[in-house]
Structure formats: structure tokens, C-alpha cells
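Presented below is the structure to which this report refers.
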Amino acid sequence: MAKKFATRKENYSQWYNDIVINADLAEYSAVRGCMVIKPYGYSIWEEMQRVLDKKFKDTGHSNAYFPLFIPKSFFNKEADHVEGFAKECAVVTHYRLKESEDGKDLVADENARLEEELIVRPTSETIIWDTYRNWVQSYRDLPILVNQWANVVRWEMRTRLFLRTAEFLWQEGHTAHATKEEALEETKTMLNVYTDFVENWMAIPVIQGTKSPNERFAGAVETYCIEALMQDARALQAGTSHFLGQNFAKAFDVKYLSKDNKREYVWATSWGVSTRLMGALIMAHSDDNGLVIPPKLAPIQVVIVPIYKNEEQFNRVSEVANRIKKEMQDQDIAVKYDNRDTQKPGFKFSEWEYKGVPVRLAIGPRDLDNQTVEVARRDTLEKEAYQLADITNKVKHLLESVQSNLYQKALDFRNENTHTADTWEEFKDVVNNKGGFVYAHWDGTAETEQAIKEETKATIRALPLDDKKEEGKCIYTGKPSERRVIFAKAY
RNA sequence: CGGGGUGUAGCACAGCCCGGUUAGUGCGCUUGCUUUGGGAGCAAGAGGCCGCAAGUUCGAAUCUUGCCACCCCGACCA
């Protein structure tokens with residue numbers, strides 16, 4: 001009998017938590033709001049990093065590393081930026097501990113107070129732009145195309161594994177350009193990199209758009225985003241790419257001398273994705289049997305489970321299993337032969353299924369006699385006996401098929417959960433009873449957006465990039481509108 | 001920061017109201033035998049500052065006070 005975990009229908013957030021914990025992805029730590037990412041979970045993140053890092057480098061970027069700590073005064077320099085992040089900053093005030101009076105405890109040494117307090121970075125724009133000032137003098141120094149892989153801290157009140165934790169891992173790209181056009185192009189290039197990654201590796205369809213002023217990154221002129229839909233019909237922002245204009249260049253006085261010998265402020269972008277993508281991966285594909293990982297990001301793509309009654313059988317099965325393993329490794333398939341003799345086959349089936357391994361092979365005495373392998377695919381749970389001959393190629397195609405099937409399923413789901421609304425009543429009905437993305441007219445004001453949010457909890461997820469102009473009336477105020485925007489309840 | 005809840009074995013919990021032998025149950029763990037094509041069975045074991053501190057009492061997991069931590073629901077957010 002299978003162990004009982006929550007199903008999506010019963011309790012969606014419990015289902016999510018069960019998967020994170022029982023698939024061995026992460027666990028709560030001793031530190032409030034912070035998690036331990038366990039080896040299996042981290043290996044998925046490493047796959048994401050590997051793919052993204054290559055894409056960044058292929059588009060001309062280099063990695064660098066900037067400090068974890070940021071002098072408090074840096075934060076004051078860009079007004080919107082401070083306002084956006086001040087409420088969730090961790091502050092370092094002392095640099096030494098000492099024994100307390102009663103000798104039972106350690107306390108911050110009041111004689112070791114920092115002259116200037118340090119902020120633990122919630123994002124690195126300020127420290128980076130303070131640094132870039134020294135890197136830029138001439139147009140010949142531009143562009144600067146730098147990315148950093150780092151941890152950041154945002155002191156959240158309520159946290160959820162991967163989706164929102166006080167500390168999280170991410171990458172942040174920070175670029176500097178001579179012209180506005182070039183910076184804008186960079187912003188869009190990186191949005192496309194993210195789109196390509198999320199759609200073709202994570203197998204999650206996304207909508208590209210820009211953010212409304214309310215949802216825009218603190219300090220950005222324009223925020224581009226990709227929005228994905230989870231299985232509970234809530235939206236999740238999967239990545240953002242910001243056009244920062246000259247805001248940070250002005251705040252940190254970063255100027256260059258142009259060809260015609262004029263002092264000009266540089267133009268900036270920043271862009272990032274975080275371990276939150278792990279949450280997206282889980283919620284987009286997994287089912288009531290556990291995690292489902294798209295093959296292109298699976299740390300283990302194929303697991304081989306031997307079935308045997310005695311040592312003699314085990315040896316014969318292992319011989320075949322090891323041969324298949326070697327053959328697959330030569331074809332760059334990540335394969336694991338689970339030859340533990342401490343667990344039974346049924347246990348292994350369940351375990352690997354719960355951990356989302358895309359393809360499972362089982363080999364037992366019957367297969368040896370018939371020259372077959374039992375092949376099970378995780379996405380559909382279908383099992384089929386394959387002839388042993390040419391198994392590697394067949395599995396390779398199967399992996400491709402799983403990958404595209406997952407994408408198609410996610411796309412179908414999104415299409416089924418995308419609606420339009422033309423009146424306020426209709427809008428409320430869709431948001432409350434159906435969920436999903438709702439295309440609706442909006443008068444373009446922050447007040448209306450705020451009011452809609454307060455009454456329905458739905459926010460504007462994106463002003464889609466590929467939309468067509470369409471005359472209409474704002475669902476809330478009835479004022480004229482030129483286009484539909486996408487509303488949804490979001491993570 | 002508001003409202004609610006919980007701290008007892010690695011995990012999930014019972015016991016507390018109504019104080020009284022050696023603090024239990026399930027899962028997990030160890031050992032042995034039998035098993036092995038979808039989470040095995042039987043038997044024998046190991047494992048506890050009952051969140052912390054003080055108080056009441058002959059006696060506290062249980063009653064009182066204080067503290068701490070975490071979880072859930074709201075406001076804020078990638």
C-alpha cells in the first residue's frame with residue numbers, strides 16, 4: 001500500500017509541502033524563515049544554474065562577485081529603491097560578541113558597534129553601481145555585462161519553502177550601457193533567455209509582459225516579466241528583467257565620456273531568477289504521486305531497478321543493468337543503477353516515482369529470459385516492455401517525448417484556465433470561482449489597480465507584450481481603455 | 001505587527017481537564033529469520049533534561065507565572 005500524502009484537490013499547499021519534504025528537496029532549518037536545500041533539491045538547482053549560466057555566457061556576460069554587506073548609506077541614494085526594500089532588510093550592527101554579565105550567554109559587545117551599519121543585501125544594485133562608477137570612464141569601457149550567483153536576504157513575515165524564504169539563492173545580472181536603446185535591447189534579450197529556459201527546459205509556458213507601476217521593481221523605469229500559471233490556477237512570476245534607465249547612474253554618479261567628448265550618464269539593466277523556480281517546477285508538473293521533473297533538468301533521468309530472488313539472479317541482472325548504464329552514460333543520459341540490496345523493488349519504485357525521475361527501467365529474471373526491459377514513464381505512469389536491443393535510443397526518444405508532453409500538458413492547462421472578462425460582475429465571478437489568467441480592460445491608473453486588488457485579491461500580472469490594441473472600457477471604472485491586461489491571484 | 005494554535009524519542013501524536021508505580025502508541029532505526037515484478041512479515045532490541053526558568057506540593061509532562069521557539073490565518077513581498 002502506498003503511503004498517504006495530501007492530494008492537490010484535498011489541500012493544495014499541504015500537497016506542495018509534502019512534495020518538498022518527502023521528495024527530499026528541502027527542509028525547515030533551525031533559523032526562522034530559512035531552509036536547508038537538501039542534496040537532491042540542490043542538484044536540480046545546479047541543473048538550472050548550469051543551463052542558465054551557459055545562456056548568460058553565450059549572450060556575452062561574465063560572472064563576478066560582490067559583497068554580501070552593503071553600507072546603509074548606499075541605500076539612501078535611490079529613493080524608490082530604499083522605499084521598496086527598507087522594510088525587509090537585515091541589519092548588521094556589531095562585529096564582536098562577548099560573554100554576558102552572568103557568563104551564561106553571548107551578547108553583542110557594545111564597544112564593537114559598527115561606525116556605519118551594514119545591510120545584508122536584498123539585491124545588489126547599490127553596491128554594484130557604486131563599484132561601476134570606478135569601472136566606467138569612456139564609452140570604450142561599455143557595455144559592462146556582469147552576472148552574479150549569490151544569496152540574498154529579504155526579511156519576510158511569512159515564508160514557504162522555495163516560494164518565499166528569508167534567504168534565497170538567485171542570479172542577478174547587472175549591465176551598463178552607453179545608450180538607452182542598447183539597455184532596452186539587453187532587457188529584452190534577457191527576458192527572452194528566461195523565456196527560452198522556462199519553456200524549453202522547465203517545460204512551463206509563460207506570458208511575457210511588462211509590470212504595472214504598482215508591481216514594478218523599486219528603482220526601475222520598466223520591469224519586464226514572465227508569468228506562469230500553477231496547477232491551482234494561481235500565477236507565479238518566474239523571472240524579471242528591469243530597464244533601470246539612468247536612475248542608478250544618477251544616484252551613484254556613473255558617467256562616461258562619449259565619442260563627441262560629452263559627459264553622459266550610463267543606462268542600466270538588471271535581471272534575475274531565483275530558487276523560486278524550484279517552486280514553479282514543482283507546482284507546474286507534479287501530481288498526486290509526487291514530484292515530476294522534466295527530463296532536461298532531471299539530475300537522474302533514468303533509474304534502473306533490479307529484481308532478483310538470490311545472488312545468482314542479482315549478478316545476471318546487474319550485468320545487463322551495468323551494460324545499459326554504460327551505454328546510456330556514453331549518450332549523456334543521467335542514469336542511476338539502484339542496486340541497493342537494503343530496499344525492496346516496490347519501495348524503490350515508489351521512492352523514485354515520488355522523487356520525479358522521468359523514466360524507470362526494471363530488469364528481472366523474466367526480462368532476462370525474454371530479452372526485454374520494463375520501462376515506466378513518470379508523466380503518464382504508463383509501463384511497457386521494451387526489447388533490450390537499441391534500448392538506449394528508445395529511452396532517449398522517450399525522454400524527449402516526456403519533455404514535450406509535460407510542456408503540452410502545462411500549455412493545455414493554461415489555455416483552459418485563461419479567460420476574458422468584460423464587466424465587473426463577470427470579472428469577480430471568474431476570479432473567485434475559476435481562477436487563472438483573466439484578460440480584462442483597465443483604465444491604467446494605480447488607484448483602480450489597488451481597488452481591484454483590495455476587492456478581489458487579483459493583481460495585474462502583466463501587460464502582455466504580444467497583445468493587440470483593442471478599444472474597451474475599464475471593468476472597474478468604465479473609463480476608456482486601449483488594451484487588455486492580465487489579472488490573476490498570484491504567489 | 002494583529003488573530004489563532006502547538007511545543008512529550010529522528011518524525012507524527014496520545015497522556016494534561018481531575019498531580020501519584022518504571023511516560024505510552026504508530027512510523028522510522030538496530031539485530032535475526034523468512035521474503036523480493038508496486039511502499040514485506042514475524043520476533044527481539046535501542047532510543048526521552050516531557051521547549052526553558054521559577055513557583056505551588058510529600059510528589060509536577062500534568063497546576064501557576066514568566067520567557068523562548070515554531071506553525072497556521074491576515075497586512076507586505078521574488
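Letters A, B, ... mirror the listed sequences (proteins, then strands); counts begin at 1.
Within 4.0 Å (heavy atoms only), A/D341 reaches no atom of the nucleic acid at all. Counting any heavy atom pair closer than 4.0 Å across all strands shown, A/T165 reaches a base atom. The residue A/L163 sits close to a base: some heavy atom pair falls under 4.0 Å. Across all strands, A/F168 comes closer than 4.0 Å to base atoms (heavy-atom distances).
Contact detail for A/G219 and A/E78: the closest heavy-atom pair is CA-OE1, 3.7 Å. For A/W155 against A/A90, the heavy-atom pair with the smallest separation is CE3-CB, 3.9 Å.
Atom NZ of A/K348 and atom P of B/A40 are 12 Å apart (whole Å). For the pair A/D18 CG and B/C27 C1', the interatomic distance rounds to 15 Å; values are reported in whole Å. One interatomic measurement links the two molecules: CD of A/E83 to C1' of B/C76, which rounds to 13 Å at whole-angstrom precision. Computed from coordinates, the A/L161 CG to B/C71 C1' distance equals 12 Å when rounded to whole Å. Atom CZ in A/R340 sits roughly 12 Å away from atom P in B/A40 (whole-Å rounding). B/G38 atom P lies 21 Å from atom CZ of A/R377, rounded to whole Å. In this structure, the CD atom of A/E27 is 16 Å from the C1' atom of B/A12, given to the nearest Å. Between the CD atom of A/Q313 and the C1' atom of B/U35 there is a distance of 13 Å, given to the nearest Å.
Base pairing annotation: B/U35 forms no Watson-Crick or G-U wobble pair, as no partner gives both donor-acceptor distances under 3.5 Å. The partner of B/A44 is B/U30, by the rule that a Watson-Crick or G-U pair needs both atom distances under 3.5 Å. For B/C18, there is no paired base (Watson-Crick or G-U wobble, both distances below 3.5 Å). B/G74 and B/C1 make up a base pair, with Watson-Crick or G-U wobble contacts both under 3.5 Å. Remark: B/A69 base-pairs with B/U6; criterion is Watson-Crick or G-U wobble with both hydrogen-bond distances under 3.5 Å. Pairing of B/A60, defined by two Watson-Crick or G-U wobble distances under 3.5 Å, is not identified with any nucleotide.
Ring geometry for A/Y132 against A/W129 counts as perpendicular: the plane angle is over 60°, on a 0 to 90° scale with 30° as the lower cut. Between A/F168 and A/W170, the ring planes lie perpendicular to each other; the angle is over 60°, past the 30° to 60° tilted range.
Rounded to the nearest Å, the gap between the P atom of B/U57 and that of B/C52 is 23 Å. When the P atom is compared between B/A60 and B/G55, the two are found 12 Å apart, to the nearest whole Å. The C1' atoms of B/A14 and B/U6 are separated by 14 Å, rounded to the nearest whole Å. Comparing B/G48 with B/A23, their P atoms sit 12 Å apart, to the nearest whole Å. Here, B/A12 and B/C71 have their P atoms 12 Å apart, quoted to the whole Å. Taking atom C1' in both B/A9 and B/G5, the straight-line distance is 23 Å, to the nearest Å. On the C1' atoms, B/A44 is 29 Å away from B/C49, given to the nearest whole Å. Across the C1' atoms, B/A61 and B/G15 are found 8 Å apart, a figure rounded to whole Å.
Distance from the side chain of A/K344 is smallest to B/U35 among B/A78, B/A75, B/U35. For A/P365, whose side chain is taken as the heavy atoms from C-beta onward, the closest listed nucleotide among B/G37, B/C72, B/A75 is B/G37. For A/K383, counting side-chain heavy atoms from C-beta on, the closest listed nucleotide (B/G37, B/A78, B/G38) is B/G38. Taking only side-chain atoms of A/S350, from C-beta outward, the nucleotide of B/G38, B/C72, B/A78 with the closest atom is B/G38. For A/R164, counting side-chain heavy atoms from C-beta on, the closest listed nucleotide (B/A78, B/G38, B/C77) is B/C77. The listed nucleotides are B/C71, B/G37, B/G38; the one nearest the side chain of A/R360 is B/G38. The side chain of A/F347 lies closest to B/G39 when the candidates are B/A78, B/G39, B/C76. In the set B/A78, B/G38, B/G37, the nucleotide with an atom closest to the side chain of A/E374 is B/G37. The side chain of A/E351 has B/G39 as its nearest neighbour among B/G39, B/G37, B/A78. If you check B/G38, B/C77, B/C71 against the side chain of A/E353, the one that comes closest is B/G38.
Note on A/K453: a side-chain N or O is less than 4.0 Å away from OP1 or OP2 of B/C77. The side chain of A/K87 contributes no N or O atom lying less than 4.0 Å from OP1 or OP2 of B/C76.
Taking the six-membered ring where the residue is Trp, the centroids of A/F349 and A/Y354 are separated by 6.0 Å or more.
Residues A/T240 and A/I307 both approach RNA chain B. Their nearest nucleotides, taken by heavy-atom distance, put A/I307 toward the 5′ side. Both A/Q237 and A/T159 lie near RNA chain B, and the one whose nearest nucleotide falls closer to the 5' end is A/T159.
A cation-pi arrangement, defined by a distance under 6.0 Å to the six-membered ring centre and an angle within 45 degrees of its axis, is absent between A/K87 and A/F85. In this structure, A/K188 is not positioned above the aromatic face of A/Y224 in the sense of NZ or CZ being under 6.0 Å from the six-membered ring centre and within 45° of the axis.
Using a 4.0 Å cut-off between charged side-chain N and carboxylate O, A/R8 and A/D288 make a salt bridge.
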